[in-house]
2 protein chains.
Amino acid sequence: MRKITVSKKLESFINEPSKFVGKDVDFKGVVYRIKDLGNFSFVHVFTTNGILQCVLGESEVGVKEGCAVKINGLVKEAKIKDKFIFPRNIEVEVKEIVILSSPESTMPFDITKKNLNINNDVKFDLRMISMRFPMERAIFKIQEGLVQGLRNYFMSESCTEIRTPKIVKEGAEGGANIFEIEYFGERAYLTQSPQFYKEFCTGVFQKVFEIAPVFRAEKHNTNRHINEYTSVDIEIGNIESFYEIMEFELGAIQSAFKNLIKNYQYELELLDIKISEVGEIPVLKFNEVKEILKSKFKLQDIDKSDLSPVEESKICEYIKNKTGSDFVFVTHYPSEKRPFYAKDDPVNPVETLSFDLLYKGIEITTGGQRINEYQELVEKMHSRGMKPEDFEFFSVAHKYGLLPHGGFGMGLERLTQKVIGLDSVKLATMFPRDIHRLTP
Amino acid sequence: MRKITVSKKLESFINEPSKFVGKDVDFKGVVYRIKDLGNFSFVHVFTTNGILQCVLGESEVGVKEGCAVKINGLVKEAKIKDKFIFPRNIEVEVKEIVILSSPESTMPFDITKKNLNINNDVKFDLRMISMRFPMERAIFKIQEGLVQGLRNYFMSESCTEIRTPKIVKEGAEGGANIFEIEYFGERAYLTQSPQFYKEFCTGVFQKVFEIAPVFRAEKHNTNRHINEYTSVDIEIGNIESFYEIMEFELGAIQSAFKNLIKNYQYELELLDIKISEVGEIPVLKFNEVKEILKSKFKLQDIDKSDLSPVEESKICEYIKNKTGSDFVFVTHYPSEKRPFYAKDDPVNPVETLSFDLLYKGIEITTGGQRINEYQELVEKMHSRGMKPEDFEFFSVAHKYGLLPHGGFGMGLERLTQKVIGLDSVKLATMFPRDIHRLTP
């Protein structure tokens with residue numbers, strides 16, 4: 001009987017190419033570009049980890065851009081300046097090249113130049129091939145690096161990774177911004193947030209996280225919105241102050257940025273991004289923000305209970321100038337604009353123990369402490385004209401004991417967008433969904 | 001201005017309790033059970049990592065089961081036999097205990113006994129509190145451990161973590177088992193599989209993975225089915241044989257099982273599970289399986305192009321007896337039952353280069369090599385009466401060059417179910433969705 005076993009992999013060279021100088025190696029990849037220099041040519045080959053420079057002694061019949069190839073060659077030291085190549089301190093002198101597949105057609109746009117000169121609609125329509133441009137690919141490697149850094153932190157802080165349902169009977173945020181689905185004859189919705197479920201899970205695991213899609217049927221078509229996005233959700237229990245949640249979030253961001261600096265140098269250089277470690281984040285109360293906006297920017301206060309996109313942008317500008325920080329926590333949002341489960345500040349109950357984290361002009365996180373006592377939750381629902389019996393599936397967790405807890409949700413695509421400095425959140429989404437876009 | 005910084009955490013003791021013998025520690029948790037022994041009592045406290053035994057000199061007013069508490073105490077060596085306690089080689093002599101929250105009501109069932117004597121409907125209806133029973137909680141810790149072990153392997157093999165849309169215009173599997181949603185006046189669906197997207201991504205990153213929800217509107221209500229589940233999806237490029245995909249899957253399972261053995265000993269003991277390392281997995285061709293079923297089990301061959309649940313169960317029994325393996329790969333499924341993108345075997349085109357992985361009587365994975373050449377894909381679509389122009393969004397990746405690739409999708413809940421030995425896949429799902437269940 002045939003048996004499957006795990007054999008030695010070809011990948012070892014690809015993972016640490018510089019260690020193989022002077023050695024014969026085998027590896028596979030996809031030909032990114034060919035530079036014919038007469039009696040030899042450079043064949044730049046995309047591996048899983050970057051673009052290797054290979055030197056081909058004589059032009060090989062049939063090797064063209066887009067071919068998948070298997071190469072045997074000798075690793076030599078090199079000094080390459082082209083930032084598309086990685087690593088730049090070695091190259092491979094090709095001894096044998098085998099073609100594994102060959103494209104039917106040449107690409108409709110040139111992915112071997114310094115810029116991909118196509119508009120965003122073409123880019124999104126042909127995402128399956130426009131992502132092959134190294135700088136587009138790099139966006140999603142950076143996104144991966146952020147996720148890994150965040151997750152490493154969550155795991156090191158003893159959070160349990162949870163999986164909550166995306167088809168739900170009730171929306172956590174309520175309102176009209178919710179996609180409806182027919183579920184075997186019943187009306188159901190796509191989740192807007194795992195809020196209720198992650199709160200349940202603090203009663204079981206104390207600290208939990210989930211990185212998963214959420215859905216918002218918002219009709220605006222702006223560069224700030226997508227209708228399906230990845231929410232990095234955290235909920236931590238046994239907090240004694242809601243500042244602990246912010247401290248936790250700072251720790252997570254530090255971990256994410258460190259991971260980029262350590263493991264994504266190629267992509268950071270390619271996208272020309274400087275990432276600085278984040279030491280501390282300034283905190284302002286919502287009312288203080290409104291004061292600053294009035295006194296320093298003469299902004300008209302249109303919505304007294306929330307910050308507009310312009311206000312978010314201005315306060316970030318102010319903090320950046322004053323402290324050098326790209327981040328600012330805004331705390332104590334008015335109770336009326338926060339959901340019923342938000343904990344009011346006992347000192348001043350018209351404010352909540354909540355926060356937003358603003359980053360480079362935009363809100364990337366909403367978080368705060370939640371009500372954990374059953375009676376307090378019931379009273380809050382009464383005060384809002386809600387019927388506690390409609391929310392028994394939620395308050396049952398509180399009834400049988402729920403530790404003091406709070407958390408946040410962070411939009412992964414917005415974080416990616418702002419780390420890289422992209423114009424639109426859609427550019428930080430592999431296959432964006434908006435009011436006009438459902439494909440590919 | 002207030003600033004958030006990251007301070008030293010209380011968690012260090014919780015993470016390595018045995019290292020703190022003889023020391024004074026502070027930690028937080030939730031009181032799981034109290035055993036009053038007259039002049040002292042055991043207070044068993046759930047931390048993020050297990051249940052610690054704490055010794056309280058005199059009965060403290062107000063401390064009851066379900067309270068969140070903050071404890072200061074002295075760590076002492078101990079020899080505890082109760083497998084609910086972890087770790088069992090230390091206990092904490094309480095010096096001070098502060099109550100952070102206290103439950104409104106006592107639990108409607110007893111979570112401090114050896115068994116949770118409630119039926120599955122009650123268990124699911126009250127999942128937010130039934131998961132507080134240590135053996136229920138352990139199921140989802142095991143699930144987490146499997147995910148982490150799988151993901152570690154994928155990352156060590158240079159796979160890129162991708163995020164693909166869950167709202168789609170076309171179903172990857174087709175058929176009626178698909179949830180429909182209204183998307184701003186257009187008809188859309190919930191994804192059944194990230195198949196098309198992960199294939200696109202091999203053209204960009206070569207090796208990719210995604211662990212995310214998928215949705216199947218299947219009307220059967222069995223212990224094998226849920227309507228929303230977590231699919232562990234992998235697609236790897238530059239394969240030279242489809243056996244490489246199986247080898248990759250074996251490596252992933254080895255990594256997952258090793259992670260359980262290394263980091264989830266408490267939960268394994270609690271659930272009384274023996275996990276053995278997986279050295280190799282036997283492989284049988286589909287036709288060989290049918291032969292064995294006929295000759296050894298006298299089973300009537302009802303569906304010549306697929307295996308029934310009974311057949312899956314019987315062949316697993318046969319392999320277990322013959323080789324001791326809980327796993328078996330079945331390869332070369334008939335082309336007619338596999339999707340259009342499956343690669344036919346050039347040696348015998350009525351069979352595909354595909355496989356299922358069966359584990360303890362049930363299919364947990366479907367995988368295989370895919371067509372990567374454009375012309376081959378177009379011809380396959382023609383041969384099935386499909387219009388290639390309807391699938392241009394898919395074949396565009398092939399047209400501009402797609403490396404030889406293949407992959408698999410594994411149902412996380414089924415894997416969890418079978419590792420633990422649960423009767424139903426629903427029991428391995430935090431908040432299961434079936435034809436009758438949409439809450440909580």
Side-chain angles (χ1 to χ4, degrees), chain A residues 1-6 11 28 30 48 66 68 100-101 103-105 107 128-129 131-132 137 144 158 160-161 163 165-167 169 179 181 183-184 188 200 204 206-207 213 228 230 238 246-247 250-251 280-283 372 374 393 396-397 399-401 403-404 430-431 433 435 438-440, chain B residues 1-6 11 28 30 48 66 68 100-101 103-105 107 128-129 131-132 137 144 158 160-161 163 165-167 169 179 181 183-184 186 188 200 204 206-207 213 228 230 238 246-247 250-251 280-283 372 374 393 397 399-401 403-404 430-431 433 435 438-440:
Chain A
M1 199 180 301
R2 185 191 267 267
K3 298 209 163 151
I4 295 287
T5 53
V6 175
E11 290 292 322
K28 296 172 186 172
V30 173
T48 46
L100 301 175
S101 75
E104 172 81 14
S105 304
M107 293 279 280
M128 53 295 270
I129 57 173
M131 268 201 295
R132 296 179 188 181
R137 174 186 177 279
E144 168 190 68
S158 302
T160 294
E161 185 168 358
R163 308 195 167 267
K166 306 310 156 206
I167 300 178
K169 204 182 162 83
F179 288 109
I181 95 167
Y183 189 83
F184 303 116
F200 294 156
V204 179
Q206 302 183 32
K207 293 176 162 188
E228 176 180 340
T230 306
N238 277 335
M246 287 176 257
E247 188 181 325
L250 171 57
E280 54 186 24
I281 297 181
V283 185
N372 69 296
Y374 180 72
F393 76 95
V396 72
K399 191 170 185 175
Y400 298 111
L403 67 187
M430 273 196 186
F431 301 97
R433 294 291 178 255
I435 189 166
L438 185 52
T439 56
Chain B
M1 202 181 299
R2 186 191 266 265
K3 297 206 162 152
I4 296 286
T5 53
V6 176
E11 290 294 321
K28 296 173 186 172
V30 174
T48 46
L100 301 175
S101 75
E104 173 80 14
S105 304
M107 293 279 280
M128 53 296 268
I129 57 173
M131 271 200 293
R132 296 179 188 180
R137 174 186 176 279
E144 169 191 68
S158 301
T160 294
E161 184 169 0
R163 306 193 170 269
K166 306 310 155 207
I167 300 177
K169 204 182 162 82
F179 289 110
I181 94 167
Y183 190 82
F184 303 116
E186 264 190 276
F200 295 156
V204 179
Q206 302 183 33
K207 293 176 162 187
E228 176 179 340
T230 306
N238 277 335
M246 287 177 259
E247 188 180 326
L250 170 57
E280 53 185 27
I281 297 181
V283 185
N372 68 297
Y374 180 73
F393 77 95
K399 191 170 186 175
Y400 298 112
L403 67 186
M430 273 195 188
F431 301 97
R433 294 292 178 256
I435 189 165
L438 184 53
T439 55

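Chain letters run A, B, ... following the sequence lines, proteins first and then strands; every chain starts at 1.
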Student: Counting heavy-atom pairs under 4.5 Å with chain B, which one of A/M107, A/K399, A/K169 comes out on top?
Tutor: A/K399
Student: Nearest 0.5 Å please: distance from the NZ atom of A/K207 over to the OG1 atom of B/T48.
Tutor: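 Output value for this atom pair is 6.0 Å.
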Student: List for me each residue that meets salt bridge (charged side-chain N to carboxylate O under 4.0 Å, His left out) alongside B/E280, sequence neighbours excluded, and say none if there are none.
Tutor: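 Salt bridge (charged side-chain N to carboxylate O under 4.0 Å, His left out) list for B/E280, sorted by chain: A/K3.
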Student: What pair of heavy atoms forms the shortest contact from A/L250 to B/I4, and how long is it?
Tutor: CD2-O, 3.2 Å
Student: In the structure I gave you, are the side-chain heavy atoms of A/F200 and B/M430 within less than 4.5 Å of one another anywhere?
Tutor: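 Contact flag for A/F200/B/M430 side chains = no.
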Student: Measuring heavy-atom distances to chain A, does B/T5 have an atom under 4.5 Å in its side chain, in its backbone, in both, or in neither?
Tutor: both
Student: Taking atom CZ of B/R163 and atom CD of A/E228, what is their separation to the nearest 0.5 Å?
Tutor: 11.5 Å
Student: Checking A/P282 against chain B: side chain, backbone, both or neither under 4.5 Å from a heavy atom?
Tutor: both
Student: Quick one: pull up CZ in A/R137 and OG1 in B/T160 and give me the separation to the nearest 0.5 Å.
Tutor: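 Between A/R137 CZ and B/T160 OG1, I get 6.0 Å after rounding to 0.5 Å.
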Student: Check B/V283 against A/M1 and note the closest heavy-atom contact, atom names and distance.
Tutor: O-CG, 3.6 Å
Student: Under a 4.5 Å cutoff for heavy-atom pairs, which residue among A/L100, A/T439, A/I167 has the most contacts with chain B?
Tutor: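 The residue among A/L100, A/T439, A/I167 with the greatest pair count is A/I167.
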Student: So which part of A/S105 gets closer than 4.5 Å to some heavy atom of chain B, the side chain, the backbone, both or neither?
Tutor: both
Student: Between A/N372 and chain B, with a heavy-atom cut-off of 4.5 Å, which part of the residue counts as in contact: side chain, backbone, both or neither?
Tutor: side chain
Student: Between B/G66, B/A397, B/A188, who has the most heavy-atom pairs with chain A when the cutoff is under 4.5 Å?
Tutor: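 The candidate making the most pairs under 4.5 Å is B/A397.
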Student: So what's closer than 4.5 Å to chain A heavy atoms on B/I129: side chain, backbone, both or neither?
Tutor: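 Looking at B/I129, just its side chain touches chain A.
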Student: Which atoms of B/F431 are under 4.5 Å from chain A, going by heavy atoms: the side chain, the backbone, both sets, or neither?
Tutor: both
Student: Restricting to ring-ring contact (aromatic ring centres under 6.0 Å, His included), what partner residues turn up for B/Y183, sequence neighbours left out?
Tutor: A/F179
Student: Could you look at A/T230 and say if it's the side chain, the backbone, both or neither that has a heavy atom under 4.5 Å from chain B?
Tutor: side chain
Student: Using a 3.5 Å distance criterion without hydrogens, assess whether the side chain of A/R433 forms a donor-acceptor pair with backbone atoms of B/P165.
Tutor: no
Student: A side-chain contact here means heavy atoms from C-beta on lying under 4.5 Å apart; do B/E144 and A/E161 qualify?
Tutor: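 In contact.
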Student: When only pairs under 4.5 Å are counted, which of B/I181, B/L403, B/I281 shares the most heavy-atom pairs with chain A?
Tutor: B/I281
Student: If you count heavy-atom pairs under 4.5 Å with chain B, which of A/G401, A/A68, A/P440, A/G251 comes out on top?
Tutor: A/G401
Student: For residues A/M128 and B/V204, report the shortest heavy-atom separation together with the two atoms involved.
Tutor: O-CG2, 4.1 Å
